[in-house]
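One structure is given here, and the rest of the page talks about it.
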Amino acid sequence: MRNHDQLINQLSASAQPVRRVWPTAWRVAGWIALALPCGALTSWAFHTRLTDWSQPGALVALAALLLSLVIAGSTLAAAFTLSIAGRKPVSLRWPLLMIGIWLALNLFNLTSETPPAGAARLGEGIHCYLFMLSASLPMMLMSVFTLQRTRSLYPARSLALSGCGSAFTASMLLSLCHDTHLHLIDFSMHLAAGITIVVLTVVAGRRWVQLGD
């Protein structure tokens, strides 16, 4: 095309205004504010009781619960920051340190008492596994939708971090209706649910988050 002015006018007419994304802190706060009630609703069928915070080990369980929320926020912040081109990635040193502390707290809170009926056959663990998956479903959709807005040069890493945020948010919700003490098989199913959530988030969302689609 020799008439460059006409081409410029055509491109200008079709261009859409660019909407700035919210600051990362606001995006994380908005995500958590929506995720908590949505996760509670989708996992409602698995709510059998509320946590009795007068049980032994309640302080350790409460510390793990609060740490889960902090880890969720930090990994989500890392995911949202990584998805914006030109931004310096958030260091994962502190999130990894907090995950290590969270793991130590839960291992410390394991009980050697005889598990309830069915727990040794994964009965109670399967219940927790399904709870975390059902609670995380809207969270995974919200993560993909939020990351799709900016896309990412590192879609798998961004989705894995956001999936980690969903997993720890679901774990926090589970702590509100779970015994303060944990059994080994039960806690193993918690970890398995978290890994499943991260994998599902990466597999389901990569097409929508990667650049070029």
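Side chains are part of it too, since the values below use all heavy atoms of this structure and drop only hydrogens, waters and symmetry mates.
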Where [X] and [Y] come nearest, the two heavy atoms and their spacing:
| X | Y | answer |
| --- | --- | --- |
| L161 | A79 | CB-CB, 3.6 Å |
| C128 | L174 | CB-CD2, 3.9 Å |
| D52 | T180 | O-CG2, 3.7 Å |
| V144 | G205 | CG2-CA, 3.8 Å |
| G39 | P138 | N-CG, 4.0 Å |
| H178 | D186 | NE2-OD2, 2.7 Å |

- Item | Euclidean distance, F46 CZ relative to M132 CE, rounded to 0.5 Å | 13.0 Å
- Task: Evaluate the criterion side-chain hydrogen bond (donor to acceptor under 3.5 Å, both in side chains) for residue pair S83 and S158; output intermediate values, then yes/no.
- Result: CA-CA 6 Å; S83 68; S158 297; 5.5 Å; no
- Tell me, with the steps shown, if L107 and F187 meet side chain to side chain contact (heavy atoms under 4.5 Å, CB included). CA-CA 9 Å; L107 291 176; F187 182 55; 4.0 Å; yes
- Derivation of the side chain to side chain contact (heavy atoms under 4.5 Å, CB included) call for L147 and F80: CA-CA 7 Å; L147 291 172; F80 295 156; 3.8 Å; yes
- Query: Are L133 and I197 close enough, and set up right, to give a side chain to side chain contact (heavy atoms under 4.5 Å, CB included), and what steps lead you there?
  - Reply: CA-CA 7 Å; L133 286 185; I197 291 168; 3.8 Å; yes
- Message: For W26, is the CH2 atom crowded, meaning more than 12 foreign heavy atoms sit under 6.0 Å from it?
- Response: no
Could you work out, with side chain to side chain donor-acceptor pair (under 3.5 Å) as the rule, every residue matching [X], not counting sequence neighbours?
| X | answer |
| --- | --- |
| S136 | none |
| T196 | Y129 |
| S74 | none |

- Note on the structure: Residue pairs passing the side-chain hydrogen bond (donor to acceptor under 3.5 Å, both in side chains) test with at least one member in residues 95-110, sequence neighbours excluded, are S68-W102, N109-H181
- Can you name the side-chain contact (heavy atoms from CB on, under 4.5 Å) partners of Y154, sequence neighbours left out? L82, S152, R157
- Hits for side-chain contact (heavy atoms from CB on, under 4.5 Å) against L36, two or more places apart or cross-chain, chain-then-number order -> I32, T169, M172, L173
- Between W44 and S134, does any side-chain donor sit less than 3.5 Å from a side-chain acceptor? no
